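Heads up: the structure comes next, in structure tokens.
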Amino acid sequence: MADIEETNKADAALRTEVRAWLDANWDGTLQPDQDKWNLSAATKAWTAKVLDAGWAVPTWPKDWFGRALSAEQADIIAEEFARVGAPGARQDKSNLAANTMLAFGGEALKRQMIPGLLKREIVQCLLYSEPAAGSDLAGVRTRAERDGEDYIINGQKVWTSGAAHADYGMLLARTDWDVPKHKGVTFFFFPMKQPGVEVRPLRQITDESHFNEVFITNARVPAANIMGGLNNGWRVLQTALAYERATMGDRPRGARISATSDDLIALARHYGRLEDTALRQDLAAVLSLRKLNALNNARAQANLEQGTSSSVMSLGKLAMSRILHEEARVRTAIVGAESLLEGPDHPFGDDANFLAFNAYFTSIGGGTDQIQRNIISERVLNLPKEIEVDRNVPFRQVRSG
Amino acid sequence: MTTSEERNAICDAVRGLMQDRSSETAVRSTMETPQGYDPALWAQLVELGIVGLLIDPEYGGTGLGPLELELVMEETGAALLCSPLLSSGVLAASLLSACGEKNAQARYLPGIAAGTTIATVALTGDAGTWTPEGVTVDARSANGGALLNGVASYVTHGQIANLLLIVAKTGSGLGIFEVDANASGLTRSALPSFDRTLRLARLEFANTPARQVGQMGWPAVQEALDVALVALAGEQAGGGRRIFEMTVEYAKTRIQFGRPIGGFQALKHMAADLMIEVESSTSAARHAAEQLAEKTNQAEEAVSLAAFACAEAYSKVAATAIQMHGGIAFTWEHPAHLYLRRARAYAQLFGSPSLYRERYLTQLGA
Ligand SMILES: Cc1cc2nc3c(=O)[nH]c(=O)nc-3n(C[C@H](O)[C@H](O)[C@H](O)COP(=O)(O)OP(=O)(O)OC[C@H]3O[C@@H](n4cnc5c(N)ncnc54)[C@H](O)[C@@H]3O)c2cc1C
């Protein structure tokens, strides 16, 4: 009992402290960024301030910008930030690169990169997928070859979100061709701004251009930028994917034009459709999906510890994929004929179409729904594994597409 | 009535033309043009008798019916043809036939069949409801002619049509009115269509002078709309089938984990489920066409069924096709999204699936 009371007291004190800090520092004027790959100076300044105050990574150790708090306590901080709409807190949950770096970076690399990553000054992208290695990520063919203190990289990556702005890429490359595919890959923190790195934007079905092809020709990365050790890339990747999938399962991108249409009930009211009983049933169903996923995530996140593996995170991401596709379907039904239209003059139609299309970001990006289902059934439920013909074959002998 | 050999010949001719002139590359370039169709291809469709397919030979048409129309539309839909065929040769021609005014037919149908007139029908208002209540243009008579007031929207090819047929409310039911493309008090604005192979416009009328070409009740309008719905169902069935075939093909050739992705049961099951959708929409579209052609008492029910079944099947097939392709289909360069855009547009173009589900139930006696 006494313990619980003490915890409650500590929680209340923390809440008071965060509130006081926000009262003193947050004036609510910071504009949200349109492009998350290209943050405003104001956002960066705010993020640095949050970091200095110790709210950015509260569960991290004290000598790494943290407060060594529990996940529950850290959530109090997140709640208070969310209450006033302030960003920047609780990056220990969301900042994929910083978390992976803390878990797997060498001491010098961590000192060099973590502050910039947490201040969002260093922009990073994920150099995983290749034309012939998407779902089968362990089949990457980009090669890394040792040359003195460096590795020389050659290969092609694809679907690389944010590559055009990135300072560094989290690169998965092959370092040993004579062992089975999972055992010969290494994870590098790879500098993007150098000769030999060519980024070509790809036009997306949403008519945006966030993802890119990246051609790498004799580019260099210091051996000291290896994360998690040589040929241990698959292990590091699991952690990085866990953070990526946790974020994708928790906080997807919303409406592009009209923020009010994030609220489906308000949207239905706007169209005078709230009396429609069939629609009401549909609305209740999709709104409940989102709520239930949030509850699941809240329970699951307690288990997301440092250096965790990604299996459990697959559940939230898979659920979110269904939520986004289903919400888009109901949104389209509400908007009706206006979904024939796009552009700023038809924000509700545009949102319906954009969100229907952008839902594939979640159902394909970060590992497809089908792959998440395989992971859940095989790694979480321990159902018999699908036979993988090339799993134990030296990579040199593997058939590629 | 054509024989099945004759129908095959028509379809072969259209398929050949689509392969030659409506390839993916051609569609992509035509969809970016202001007028949204290729005049040379339009002329060839006229020559093949497709634009005048429904029009009586007396007026220079081919004199065929819904059966042949539906089959032709499966081919054009598969190729994502960009053209005012649906607006002019189907909807406008059917409306003029349904209104039964000989004079109007003699005046307009020959031009439509010859492709020199591009006609369209303006019916619904901003709400986009394809019902009598959806009509938001009012007509009143004024010194021998009529004046229109109100708004018509989602008018297919309304921006390029040189014959605008407006369905408007009169003191006694609905009338069809012709409005001059540059009439005073008419504001035509192009609407940004999410499906870029399509052209839509909004028309505003402020005491716009018009000529009445017919007077009719809603049943006659619905009769014309039913023909257009069958044509639309044909395009939906054809489009769904094409993107489905492309997807199955891709699943056989794309290698991951050392084998074709089509070997994974997850994809096999998705493909099998989609096949039900594809076959069902073909059946629904053809059944509706037959019933309409034979004017049976189940025609309306069959059209309603096709209207929502084909719309939903097409959307499902095109949407799942993207998922089955993975990242490649998230790119603009891949054709899958063109099909999904078309599917989403056609699901609303002449009324929503929920409208036709209701109508279907009503016709079933519920
Ligand atoms: C918007 C977007 C952003 C992205 N951003 C990035 C990024 O920043 N960095 C990066 O590296 N990658 C990124 N990706 C790539 C993404 O991770 C891959 O697209 C994804 O993993 C699928 O790979 P693929 O595209 O090669 O499809 P494939 O692997 O070829 O899959 C094709 C189909 O086969 C299915 N399939 C494959 N294997 C199996 C199996 N074993 N069992 C059942 N079904 C299977 C898939 O589910 C899919 O339906 C992004 C993708 C998108 C769409």
Side-chain angles (χ1 to χ4, degrees), chain A residues 129 131-136 138-139 158-159 181 202-207 209 211 271 276 278-279 321 325 329 332-333 335-346 349-350 352-354 356-357 359-361 363-365 368-371 373-374 386 388-391 393 398-401, chain B residues 124-130 134 153-154 156 189 191-196 198 200 202 253-261 263-267 270 315 319 322-334 336-338 340-341 344-355 357-358:
Chain A
S129 305
S135 297
D136 184 14
V158 73
W159 325 131
K181 58 184 179 179
L202 289 165
R203 188 174 176 192
Q204 300 172 180
I205 57 175
T206 52
D207 212 356
S209 244
F211 69 18
Y271 279 90
D276 181 331
L279 179 67
S321 157
H325 282 286
R329 180 183 61 74
T332 304
V335 168
E338 224 173 301
S339 71
L340 282 157
L341 307 178
E342 64 178 0
D345 293 339
H346 308 280
D350 193 283
N353 289 315
F354 170 72
F357 274 31
Y360 292 98
F361 175 83
S363 62
I364 297 174
T368 67
D369 283 1
Q370 289 65 44
I371 293 301
R373 293 188 181 107
N374 290 348
E386 181 103 9
E388 206 176 322
V389 290
D390 58 4
R391 192 171 181 92
V393 181
V398 163
R399 175 184 180 195
S400 92
Chain B
T124 187
D126 283 327
T129 346
W130 292 77
S153 197
Y154 305 106
T156 55
S189 25
L191 293 172
S193 171
F194 180 65
D195 172 7
R196 298 190 189 181
L198 192 67
L200 296 168
R202 184 171 185 273
T253 51
R254 168 72 171 165
I255 308 286
Q256 289 288 275
F257 302 96
R259 55 167 157 151
I261 55 171
F264 294 114
Q265 288 195 352
L267 290 208
M270 287 161 93
S315 296
I322 295 185
Q323 184 65 28
M324 290 177 70
H325 275 86
I328 187 81
F330 201 75
T331 63
W332 190 271
E333 279 63 36
H334 194 278
H337 76 105
L338 300 178
L340 185 53
R341 282 168 193 264
R344 289 176 60 82
Y346 276 16
Q348 302 289 340
L349 198 60
F350 297 141
S352 68
S354 66
L355 173 70
R357 256 195 243 111
E358 269 301 324

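Owing to the predicted nature of the structure, the values given are computational and were not obtained by experimental measurement. Here is the naming used below: chain letters follow the sequence lines, and residue numbers restart at 1 for every chain.
- Between Phe194(B) and Phe357(A), the distance separating the two ring centers is shorter than 6.0 angstrom.
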Working for side-chain hydrogen bond (donor to acceptor under 3.5 Å, both in side chains), residues Ser363(A) and Gln323(B): CA-CA 7 Å; Ser363(A) 62; Gln323(B) 184 65 28; 2.8 Å; yes

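- A donor-acceptor pair is defined here as one N or O able to donate and one able to accept, closer than 3.5 Å; such a pair exists between the side chain of Asp136(A) and the backbone of Phe257(B).
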Start with the C-alpha gap between Asp207(A) and Arg196(B), add the side-chain angles, then the distance that decides, and say whether side-chain contact (heavy atoms from CB on, under 4.5 Å) holds. CA-CA 12 Å; Asp207(A) 212 356; Arg196(B) 298 190 189 181; 2.9 Å; yes

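- Every residue two or more places apart in sequence or in another chain that forms a salt bridge (Lys or Arg N to Asp or Glu O under 4.0 Å) with Arg259(B) is listed here: Glu386(A).
- Distance OG/Ser354(B) to CG/Asp276(A): 7.5 Å, rounded to 0.5 Å.
- For CD of Glu358(B), the number of neighbouring non-hydrogen atoms (other residues, nucleotides, ligands) closer than 6.0 Å is 12 at most.
- Within the 4.5 angstrom heavy-atom criterion, no atom of Asp345(A) approaches chain B.
- When all heavy atoms are compared, the tightest approach of Gln256(B) to Ser135(A) is OE1-N, 3.1 Å.
- Contact annotation for Ser209(A): neither backbone nor side-chain heavy atoms come within less than 4.5 Å of a heavy atom of chain B.
- Using a 4.5 Å heavy-atom cutoff, the side chains of Trp159(A) and Ile328(B) are in contact.
- Between the Gln348(B) side chain and the Ser339(A) main chain, no donor and acceptor come within less than 3.5 Å of each other.
- In this structure, the portion of Ala133(A) lying under 4.5 Å from any heavy atom of chain B is its backbone and not its side chain.
- If you tally non-hydrogen atom pairs under 4.5 Å between each of Ala319(B), Ala336(B), Ala329(B) and chain A, the highest count goes to Ala319(B).
- At a 4.5 Å heavy-atom cutoff, Asn374(A) makes no contact with chain B through either its backbone or its side chain.
- Partner Leu340(A) forms a side chain to side chain contact (heavy atoms under 4.5 Å, CB included) with one of Leu198(B), Leu191(B), Thr156(B) and no other, that one being Leu198(B).
- Contact annotation for Leu200(B): only side-chain heavy atoms (C-beta onward) come within less than 4.5 Å of a heavy atom of chain A.
- Residue with the most contacts toward chain B among Lys181(A), His346(A), His325(A): His346(A) (heavy-atom pairs, distance under 4.5 Å).
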Under the side-chain hydrogen bond (donor to acceptor under 3.5 Å, both in side chains) rule, what do Arg203(A) and Thr331(B) come out as? Steps first, then yes or no, please. CA-CA 6 Å; Arg203(A) 188 174 176 192; Thr331(B) 63; over 6 Å; no

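- The nearest pair of heavy atoms linking Ala356(A) to Arg344(B) is CB-NH1, 3.4 Å.
- Using a 4.5 Å cut-off between heavy atoms, Ile371(A) touches chain B through its side chain atoms alone.
- Side-chain contact check for Gln370(A) versus Met324(B): every heavy-atom pair is 4.5 Å or farther apart.
- By number of non-hydrogen pairs under 4.5 angstrom with chain B, the leading residue of Ile364(A), Asp369(A), Leu202(A) is Ile364(A).
- Of the atoms belonging to Gln204(A), heavy atoms from both backbone and side chain fall under 4.5 Å from chain B.
- Counting only distance, with no hydrogens or angles, the side chain of Glu342(A) and the backbone of Pro192(B) share no donor-acceptor pair below 3.5 Å.
- For chain B, the option among Thr206(A), Thr332(A), Val393(A), Asp350(A) with the highest count of heavy-atom pairs below 4.5 Å is Thr332(A).
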Under the side-chain contact (heavy atoms from CB on, under 4.5 Å) criterion, do Tyr154(B) and Leu341(A) qualify, and how do the steps go? CA-CA 9 Å; Tyr154(B) 305 106; Leu341(A) 307 178; 3.9 Å; yes

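- When each of Ser352(B), Gly128(B), Gly327(B), Ala266(B) is scored by its heavy-atom pairs under 4.5 Å with chain A, the top score falls to Gly327(B).
- Residue with the most contacts toward chain B among Gly343(A), Gly336(A), Ala278(A), Gly139(A): Gly336(A) (heavy-atom pairs, distance under 4.5 Å).
- Using a 4.5 Å cut-off on side-chain heavy atoms (C-beta onward), Ile205(A) and Leu340(B) make no contact.
- Of all the listed residues (Thr368(A), Asp390(A), Asn353(A)), the one sharing the greatest number of non-hydrogen pairs under 4.5 Å with chain B is Asn353(A).
- The aromatic ring centres of Phe211(A) and Phe330(B) sit less than 6.0 Å apart.
- Taking chain B as the reference chain and counting heavy-atom pairs below 4.5 Å, the highest number among Arg329(A), Arg373(A), Glu338(A) is found for Glu338(A).
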